[in-house]
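Model, not experiment: these values are computed from the prediction. Start at 1 with the first residue, then count along the sequence. Values below: all heavy atoms of this structure, side chains included; hydrogens, waters and symmetry mates excluded.
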Amino acid sequence: MLNDAVAPEIVPAAGSDKDAPLKEDIRLLGRLLGDVLREQEGDAVFNVVETIRQTSVRFRREADAGAALELDAMLKELSREQTISVVRAFSYFSHLANIAEDQHHIRRRRAHLLAGSPAQKGSVSFALRKLRLAGVPRKTVDTFFQDALIAPVLTAHPTEVQRKSILDAEHDIARLLAERDLPQTPKERHANMQLLRSRVATLWQTRMLRYSKLTVADEIENALSYYRITFLRELPGLYDDIEDDIAAEYPNGDGTIEPINAAYVQMGSWIGGDRDGNPNVNAGTMQHALARHATTILDFYLDEAHALGAELSVSTLMVGVSAELQALADQSPDASPHRSDEPYRRALIGIYARLAATARALGATNILRKEVGAAAAYPDAAAFVADLLTIVASLESHHGAALVRPRLATLARAADIFGFHLASLDMRQTSDVHERVLADLFAKSGVAADYTALSEEDKQALLLNELAQPRLLYSPYIAYAAETDSELAILRAARDIRQRYGARAIRNYIISHTETVSDLLEVLLLQKETGLLRTDWQTGDSICELMVIPLFETIPDLQRAAGIMSQVMALPLVKQLIAKQGQLQEVMLGYSDSNKDGGFLTSNWELYKAELALVADFQKAGVKLRLFHGRGGTVGRGGGPSYEAILAQPPGTVNGQIRLTEQGEIIASKFSNAEIGRRNLELLVAATLEASLAPQEANPARNGQLAQFEAVMAQLSDLAYHAYRHLVYETPGFTEYFFSATPIAEIAELNLGSRPASRKANQRIEDLRAIPWGFSWGQCRLLLPGWFGFGSAIETWINQADGAAKDDKIATLRAMYAEWPFFATLLSNMDMVLAKTDLAIASRYAELVADQGLRERIYKRITDEHGNTLRCLELITGNTERLAGNPLLARSIQNRFAYLDPLNHLQVELIKRNRALSAESRIDERVHRGIQLSINGVAAGLRNTG
């Protein structure tokens with residue numbers, strides 16, 4: 001792992017020469033880490049690390065029981081100091097391997113482009129070519145980009161394990177590694193090596209963990225770092241690339257619509273606005289979030305305006321300018337005679353002054369460069385864009401078109417995308433809280449003594465009646481519950497934020513655990529109480545500032561979703577509000593809780609059915625549906641490749657409108673490198689474009705056979721649901737097994753996020769958040785939420801038939817895999833999960849269960865189902881090896897295992913020590929730290945655990 005002698009163990013197995021640079025990078029980083037380990041910790045620690053690594057490899061490759069005993073004894077003998085060093089060594093190797101792999105992906109993509117190869121699948125150019133060949137006209141494509149909304153929404157969750165300091169150090173290492181692909185003189189090569197060595201040493205000497213609980217403010221700053229690394233420059237750059245791709249694929253297009261004017265990709269955030277289960281989010285965190293958003297984007301605009309002022313040295317002695325540009329220059333506070341003939345510079349000095357004033361007005365406290373003179377703040381981002389476009393128009397009409405693209409057009413596009421708000425902050429709260437707040441308001445206003453006791457029909461009638469009243473329930477002269485005051489303050493803050501930062505700053509209100517029509521009406525009434533929903537009582541015309549978005553999460557919720565939305569959309573008030581929203585309504589679907597509730601297969605099937613039902617009901621109502629996919633990092637929480645996931649959506653569910661969450665450490669893996677970040681953004685656009693506009697193929701799976709496939713899925717889902725529920729919720733002792741055989745208790749102690757791991761202070765799986773549920777199964781390498789129940793379902797369904805009928809069923813399953821994107825994607829994701837699953841490691845965690853009978857009984861259930869699932873997957877796909885269709889990922893996973901395994905073995909040993917100490921009411925901070933470091937390392941190695 002850490003020197004040349006063992007380097008072959010850590011690189012991909014023999015393959016083509018194209019993998020040689022990856023091997024070299026991993027060997028280099030491993031050697032540097034080994035050098036740092038020797039230098040910082042001494043030869044003794046280095047030798048311990050190597051011995052553990054070699055023994056772990058033997059345990060894996062040879063299933064050597066002696067190696068397991070040897071490893072166990074070795075780990076028990078480690079001192080506390082040695083344990084920390086060993087865990088850190090293996091953890092940092094996982095981090096460095098990730099950097100090398102990311103760089104290799106970039107390298108391979110560039111090689112593909114330089115070779116002039118055909119457009120890659122997943123690129124916008126590939127999607128456009130497919131559409132053009134299918135006969136989709138340019139005007140349809142232009143209209144798509146004019147009307148589309150594609151929104152990645154960043155969220156903070158308890159599995160976020162990366163400190164920003166670590167991210168910054170790793171970003172430097174990635175940059176230096178990339179430089180080695182460029183021609184370098186021997187001196188430059190030597191300097192690069194020295195810098196790499198220093199950055200690896202810095203990484204080793206940087207604290208990997210947080211020693212204090214992460215606050216919401218910390219989470220906001222962590223997310224903002226990805227804007228500086230990726231989004232601020234790469235998103236406008238992606239727009240430029242897409243415009244070029246459209247022109248290349250449709251060279252004779254009429255150009256009636258210009259995509260440059262449409263912000264079809266916009267960023268969203270939950271960080272600071274998501275109150276569901278997080279008592280640390282309030283009106284203050286929302287205001288702080290928008291102030292930090294505004295500061296970040298305005299800092300960027302100020303830097304770019306300053307740079308433009310230096311670049312645009314155009315003189316009127318050489319070329320003319322437009323009257324509008326001259327007027328803009330004349331309004332500038334710059335009166336220097338040295339720039340009297342340089343109107344562009346004077347105009348940009350004026351723009352800079354206005355931006356500085358805007359930044360101060362919106363909460364910025366530190367403008368690094370003092371403006372030349374005073375100027376009025378911009379009233380909104382549109383006024384800033386207008387000034388930039390004045391400069392663009394003048395240049396283009398006076399032989400300066402070549403000066404527009406490098407920076408100016410990109411800045412104008414960024415201003416259109418990000419405004420002064422940077423990202424739209426979503427608000428989210430659970431329906432139970434809304435009910436309690438309104439119960440308090442109703443009771444103290446004398447309208448209803450016990451709102452919570454009313455039937456659903458009576459609740460709806462009461463809410464609609466109150467929405468039709470000009471008066472308010474709230475009185476400033478009455479004392480309310482603290483929760484009521486807090487929730488109303490949050491909504492009032494939202495109104496103020498919209499007025500200050502623009503309408504896009506906050507525009508969505510998401511209701512967790514939506515179960516009834518009244519859940520949506522309650523939020524409308526709360527908006528009325530706080531001035532966000534207003535009615536002209538003479539005309540009856542109403543306007544609502546925040547779109548009310550139901551979130552359907554559990555299996556029963558998904559099954560009720562379409563019916564609830566049909567009832568809501570039939571209400572006259574809601575009809576009117578939807579019309580004001582552009583005849584569009586968003587619905588959010590939760591992948592995490594439905595999986596925890598019903599298992600992998602059933603969750604995916606119920607999501608699919610809910611989407612189809614929603615599409616049908618929305619079409620009847622004449623309303624455009626936008627789906628918001630609450631996907632997590634793990635496959636068990638809706639994770640997996642976004643491109644394939646979007647293309648696998650049922651027909652009619654995309655239509656140019658999609659929002660999806662990017663959560664936890666997945667944000668780091670996708671967006672901590674600018675080029676990889678742009679590629680991930682492009683994948684979202686390409687998939688949405690293709691899913692929205694590609695004609696449906698006339699194959700059997702689109703006609704009668706699709707109905708057969710869906711009927712089979714319904715049967716499989718029912719079987720899988722019962723298998724999963726029987727294990728998780730109906731097997732005596734399963735909860736005890738889970739809390740003993742996974743590091744869930746230790747995860748709950750980590751300073752990972754501002755949100756508690758469980759909704760309630762108990763050990764009920766029902767109350768545990770889906771995120772730590774999935775994270776725990778990932779740490780112990782079972783990843784149970786991503787596959788359990790599938791094998792039982794397939795085996796039982798096939799065995800319900802006899803003889804030749806069994807063969808027919810197998811043929812049907814194979815046809816589903818070959819012809820139905822939904823089923824193919826489901827199996828592909830499960831294949832990836834199973835590739836990361838490791839029963840040998842999981843068996844070590846099972847040993848943490850003190851009750852031997854319970855341990856053997858439940859672990860056997862799990863391993864039997866694992867075997868069934870592997871056999872059934874192979875039966876359907878014909879592949880006996882995992883990830884046969886993705887050999888690069890397969891090699892990556894397999895070659896990581898030898899370096900992840902020691903972390904898991906160490907984690908088990910440390911958990912044993914920790915729990916033994918806890919039984920004696922003692923605490924050892926070093927043991928705690930070792931567990932937390934191992935959790936970090938395993939998460940980094942698996943890359944999608946949250």
Any non-hydrogen side-chain atom of [X] less than 4.5 Å from a side-chain atom of [Y]?
{"X": "Tyr509", "Y": "Gln429", "value": "yes"}
{"X": "Ile297", "Y": "Tyr227", "value": "no"}
{"X": "Glu249", "Y": "Val141", "value": "no"}

Any sub-3.5 Å donor-acceptor pair from [X]'s side-chain atoms to [Y]'s backbone N or O?
{"X": "Lys130", "Y": "Ala694", "answer": "no"}
{"X": "Asp241", "Y": "Leu238", "answer": "no"}
{"X": "Ser123", "Y": "Phe126", "answer": "yes"}
{"X": "Tyr239", "Y": "Val265", "answer": "yes"}
{"X": "Asp380", "Y": "Ala383", "answer": "yes"}
{"X": "Asn655", "Y": "Gly652", "answer": "yes"}
{"X": "Asn222", "Y": "Asp218", "answer": "no"}
{"X": "Ser125", "Y": "Asp245", "answer": "no"}
{"X": "Arg498", "Y": "Ile506", "answer": "yes"}
{"X": "Thr295", "Y": "Arg292", "answer": "no"}

Are any of the side-chain nitrogens in [X] or [Y] under 4.0 Å away from the carboxylate oxygens of its partner?
{"X": "Arg500", "Y": "Asp496", "value": "no"}
{"X": "Asp299", "Y": "Arg228", "value": "no"}
{"X": "Glu243", "Y": "Arg413", "value": "yes"}
{"X": "Lys624", "Y": "Asp147", "value": "no"}

Could you tell me which non-hydrogen atom of [X] sits nearest to which non-hydrogen atom of [Y], and how far apart they are?
{"X": "Leu660", "Y": "Ser642", "value": "CD1-OG, 4.2 Å"}
{"X": "Tyr250", "Y": "Val136", "value": "OH-O, 2.7 Å"}
{"X": "His288", "Y": "Ala217", "value": "NE2-CB, 3.8 Å"}
{"X": "Ala674", "Y": "Thr230", "value": "CA-OG1, 3.6 Å"}
{"X": "Leu388", "Y": "Ala412", "value": "CD1-CA, 3.7 Å"}
{"X": "Gly590", "Y": "Leu551", "value": "N-CD1, 3.6 Å"}

(Q) Going by side chain to side chain contact (heavy atoms under 4.5 Å, CB included), Met427 matches just one of Leu491, Val281, Ile510, Asn508. Which one? (A) Leu491
Q.
Using the rule side chain to side chain contact (heavy atoms under 4.5 Å, CB included), only one of His513, Met588, Met565 pairs with Phe552; which is it?
A. Met565
**Q.** NZ/Lys121: more than 12 non-hydrogen atoms of other groups inside 6.0 Å
**A.** no
Q: Would you check, one step at a time, whether the test salt bridge (charged side-chain N to carboxylate O under 4.0 Å, His left out) holds for Arg507 with Glu586?
A: CA-CA 11 Å; Arg507 51 185 172 179; Glu586 185 171 300; over 6 Å; no
Q: In sequence, state the C-alpha distance, the side-chain angles, and the governing distance for Arg534 and Glu545, and then conclude on salt bridge (charged side-chain N to carboxylate O under 4.0 Å, His left out).
A: CA-CA 9 Å; Arg534 298 179 298 279; Glu545 294 194 29; 2.5 Å; yes
Q. Step by step, would you call Leu149 with Gln266 a side-chain contact (heavy atoms from CB on, under 4.5 Å)?
A. CA-CA 7 Å; Leu149 176 65; Gln266 298 177 26; 3.8 Å; yes
Q. Out of Arg405, Arg407, Arg678, which residue meets the salt bridge (Lys or Arg N to Asp or Glu O under 4.0 Å) rule with Asp240?
A. Arg405
Q: Classify the ring geometry between Trp270 and Phe628 as parallel (under 30°), tilted (30 to 60°) or perpendicular (over 60°).
A: perpendicular
Q | side-chain contact (heavy atoms from CB on, under 4.5 Å) evaluation trace for Leu328 with Ile391 | A | CA-CA 9 Å; Leu328 190 61; Ile391 300 176; 4.3 Å; yes
Q | Ring centre gap for Phe822 and Tyr608 strictly below 6.0 Å | A | yes
